[in-house]
Amino acid sequence: MSAAADAAPPPAAPAAPAGPNHGLRIFLLWLPLAVIADLVIWIVWGPHLPPGTMSSSAANQQFDIKVMAVLAAPVMIFVLTYFGYALIVWRQRDGDTEDGPALHGNSRVQASWITITSVIVLFLAVFGTVELKIANGAGAGEGPSPIWKPGGAPLQVQVIGQQWKFTYRYPQFGGFETTQLVLPEGQWVAFHVTSLDVIHSFWAYQLGVKADANPGVDNVAYTKPEHTGGFVVRCSELCGLWHGAMFDYGRVVSMSAFRTWAASTRVQLAAVTRILPPYATTYDPTVVPQINKAMAKAGIGGANGYYYPPQDPVQP
Amino acid sequence: MAIDIQPEKVKGPGGREPGASRPARPWWLRPAIHTAVAGAVIGYVVGHWLGNFLGSNYQQLPLSDSSDLPIVLGYLLAVVGWIAGLGVFNDPLRQMTGRPVPVEEEDASAAAGLARYFRYSLDHKVVGIQYLVGMIIYFCTAGLFAMAIRAELLSPAYHIFSSSTYVELVGEHGTMMMMLMSSLVVGPFGNYLVPIMIGSKRVAFPRIEALSFWLTPAAFLILFSSLMLGGFPFGWTGYAPLSIQATQGADSYAVAFGLMGISIILAGFNIIVTVICYRAPGMRWSRLPMFVWSMLATSVLMVLAAPVLVGGMYMIITDRTVQTAFFADQLGGSSYLYQNLFWFFGHPEVYILALPGFGIVSEIIPVFCRKPLFGYKTAAAGMIGVTVLSFFVWQHHLFDSGLNPDMRPLFMLTTELISIPTGLIYLVAMGTFWKAKIRFTVPMLFALGMYFNFLIGGISGVFLSDVPADTTEHGSFFVMAHFHYTIMGGLIFAFMAGVYYWLPKMMGIKLNQTIGKIHFWTMFIFFNSTFLPLFAVGLAGQPRRVFEYASNLQTINDWVSISAFCLGGSILIFVINFVWSTVIAREREEGNPWQSRGLEWQVASPPPPGNFARIPVVLSGPYEYGTPGAPPVADLNPPAGVVAAAFTGAPTAAAEA
Ligand SMILES: [Cu+2]
Ligand SMILES: [Cu+2]
């Protein structure tokens, strides 16, 4: 049986047969590929990597993704080159039934592998922490009392998620509530994200902002829009039937255009704002009917915080 | 040392004494699947009535949130009826009342052929086959849901399904895959092979093992029945308060997931004790096959993580039925609590789904490289490292949630640390391939595919661990592509490697290698062409679980959908090969087709009852390929007294004499 067959040693002990230096060959294959890949990633691909550079946090995320891609590519190419080389060079030829050399390990190789991976990992952890700090939370939800925040007085925008709609309140402009998300260019924005019903997630894709909307939680995220233009808002936490249709569009405008818009919207919605509950960081479910009444008056539809049967609405 | 196998009468598993068996009852009176179904039906009716009786002040509204109690009690009593119908309680009750436990089942089942697979069998090899077939059925069912999801995503705005049907499909696919595939490898290969690989005649707890299997069809059917109750709209994660407010379909989710949690606790418990206590003499920890190491690590994760899931599901059930408020924010509960509980289970769960894959490929590559495993201790350390670290990373799923934001650097670090032990698995593979004699068999192809896919899955995971990058990637198709690369590309490819490698052992038949190669290449190509573009889709801003998306992403989504259908086709090739080879062609495979040193290959295929005629004495490690003078892996027929001597401390000396 095979156990016995395996026990029979190959006639010649593996006494380091002279052959090509496989390690060097693999290295020489890997090096140009890794260099080219990194250059392509950094120069060609980098400026187009998501989520773009529309805001401070988006640019920060693009940079992070770029750096990690530059680190990941050589690692990946090394593993793939190695396997590719092995499969071609070390496949068993027809008629060869011998076993390979009995190598049980090599402590130098193992130690250097562990050292290299540890260095990369520790670098990434430090890098990520620094990036998180200097980008003032990197556009991610930081809970009610953020420790990383921009100085000065950011524009406060409350994002209220409900099934299946986002609405926005501007407390510094009388607390009006609207379905339009308009932001000024060049000004830090503090999104206060909360929910009236279930967990949603406010994702302003081009702005690089993502913060979960939890009922009863004021989840704050910061960003600074750097360019004017439109952006997409999507709900990125499964929140029920029409989660897939829970999206809208926002825009970044110049500071003066924003002031004009805010002032006029404030006037326009004054009657609605009066019957809204006063601005608060979170809303008790008992005020939801009141909010709904005001929203109905302003012509804002949605599930109004209630779960409704599947056939309604037919189309969002 | 001759290897000959002489079946001998052994003490049956479960402490049954060999001896006079009871006169056989007619088949329809013996507990089997039909009595189980009857028990389940009776149990459901009783439970439903009881729920209505207890909750009679609730309104009865179909598809509303007001009549959960009858559903939940119906399911729970149906499960009790199901396992009672299988005869799970018979022997324990007999033992409790001091009556002798009959041996009937052993003899009957050995002769009964197919029938034993439909019964509560205490033979770990029968349970392994039951698991194997069950898992393939569950996997294909859940895969069909994925096909339906991809069909809907062919168009950004035109809908094949209503939004309610779509979320049902998403929930069913995700939950079925995540909960049932936990046992994809531990069930079939763990239960079947671990005792043989460690030189044991049996597992430690055959009743617990068998029960763990028989809970899976119950969990599967309960989850499936959710469709009749309108499904559940919250995916596999079941975040409160959505899961509290959802209609009765959510009861199926919570009961089924909790049940599966119990099943994997039981399965893991049995494996742990078996590996620790039932190793043959000479099977030192340093000789344990890598696959056994991975089963042990997975089982530890199962036993420690799944109780949290069971608790979470229980809280969901009580929140939904008797209005406790674990997760209701306005009543003093917290929806964050659920997220914490879920991911405290959920992250170890993803390693429950990854480690078995590492184990299978690490087991297979030395055989087809014809070399010892490179860095055996490193590989074991890698698995232990992953196991330990996986309990310290769960909050990376909550980076944007606003929960505990100041600790994000910590969880970023722990998450990235996991890539060190995971990297060791790759080091081991690469060292093993160094100057190897690689044989491109079908199992080896799948193992190579696993290393390729998991490389992409693992590296994309590092992107997700970085908080700023995660802000864009979280909740998008990027994450979805990432974990499909690790689970489908890792676990399923490794599972396929295991099937092609071990099925000749487990069933004693050959699997068609040509169809196997076609299966591999189609699966490998279409898997990558399905999931690689999804990284781009996610980075382009498409959230998970949506049925409407930006119209400029239609081309790439269509590409993905068509690839996914082809991927489904490649699984169909596998199913055809499996059925053709095991049912129709049935070409015998008796020897050691792979010239493997694994202990499981030193016995007949399929192994005889009791696995070994005598307890073997393990003489050397399982990967000593090409080692001059390496002793055979075990002495299967050790001289009398050597096993007893093993316990006094001189195993190998006596055996080599
Ligand atoms: Cu939402
Ligand atoms: Cu995780």
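In what follows, chains carry the letters A, B, and so on, assigned in the order in which the sequence lines appear, proteins first and then strands, with residues in each chain numbered from 1.
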Aromatic ring proximity [X]/[Y], centre distance under 6.0 Å:
X: B/Phe547; Y: B/His159; value: yes
X: A/His22; Y: A/Tyr85; value: yes
X: B/Phe161; Y: B/Tyr166; value: no
X: B/Tyr451; Y: B/Tyr426; value: yes
X: B/Phe433; Y: A/Phe83; value: yes

Is it the backbone or the side chain of [X] that comes under 4.5 Å from a heavy atom of chain B, or both, or neither?
X: A/Thr129; result: both
X: A/Asp218; result: neither
X: A/Leu71; result: neither
X: A/Val232; result: neither
X: A/Val209; result: backbone
X: A/Ala135; result: neither
X: A/Arg234; result: side chain
X: A/Glu237; result: side chain
X: A/Asn219; result: side chain
X: A/Ala69; result: both

Carboxylate-amine/guanidinium contact A/Glu142 B/Arg408, below 4.0 Å: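 Yes, this pair counts.
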Taking side chain as everything from C-beta outward and backbone as N, CA, C, O, which of these in B/Val167 sits under 4.5 Å from a heavy atom of chain A? Side chain, backbone, both or neither. side chain
Please determine, among [options], the option with the most heavy-atom pairs under 4.5 Å with chain A.
options: B/Glu168, B/Arg544, B/Gln339, B/Met412; result: B/Met412
options: B/Pro468, B/Ser460, B/Gly402, B/Ser620; result: B/Pro468
options: B/Asp329, B/Leu427, B/Leu403; result: B/Leu427
options: B/Gly458, B/Gly423, B/Gly475; result: B/Gly423
options: B/Thr415, B/Ile420, B/Leu398; result: B/Ile420
options: B/Ala540, B/Ser419, B/Ser401, B/Pro421; result: B/Ser401

Picking from A/Val75, A/Val126, A/Val220, A/Asn106, which has the most non-hydrogen pairs under 4.5 angstrom with chain B?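 Among A/Val75, A/Val126, A/Val220, A/Asn106, the one with the most close pairs to chain B is A/Asn106.
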Can you tell me which of A/Thr117, A/Ile147, A/Asp284 forms the most heavy-atom pairs within a distance under 4.5 Å of chain B? A/Ile147
Does a sphere of radius 6.0 Å around CH2 in A/Trp90 hold more than 12 heavy atoms from other residues, nucleotides or ligands, not counting ones at 6.0 Å or beyond? yes
For A/Trp203, is the NZ or CZ atom of A/Lys210 found under 6.0 angstrom from the centre of its six-membered ring and inside 45 degrees of the ring axis? yes
Flag for B/Glu548-B/Gln542: side-chain donor and acceptor within less than 3.5 Å: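 Per modelled atom types, B/Gln542 and B/Glu548 side chains form no pair under 3.5 Å.
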Checking side-chain polar atoms at under 3.5 Å, does A/Glu131 have a donor or acceptor matched by the opposite partner on A/Asn60? yes
What's the verdict on salt bridge (Lys or Arg N to Asp or Glu O under 4.0 Å) for A/Asp96 and B/Lys437, showing C-alpha distance, side-chain angles and the deciding distance? CA-CA 9 Å; A/Asp96 181 3; B/Lys437 305 256 184 177; 2.8 Å; yes
Reported CZ-to-CG distance for the pair B/Phe327 and B/Leu242, which is rounded to 0.5 angstrom: 13.5 Å
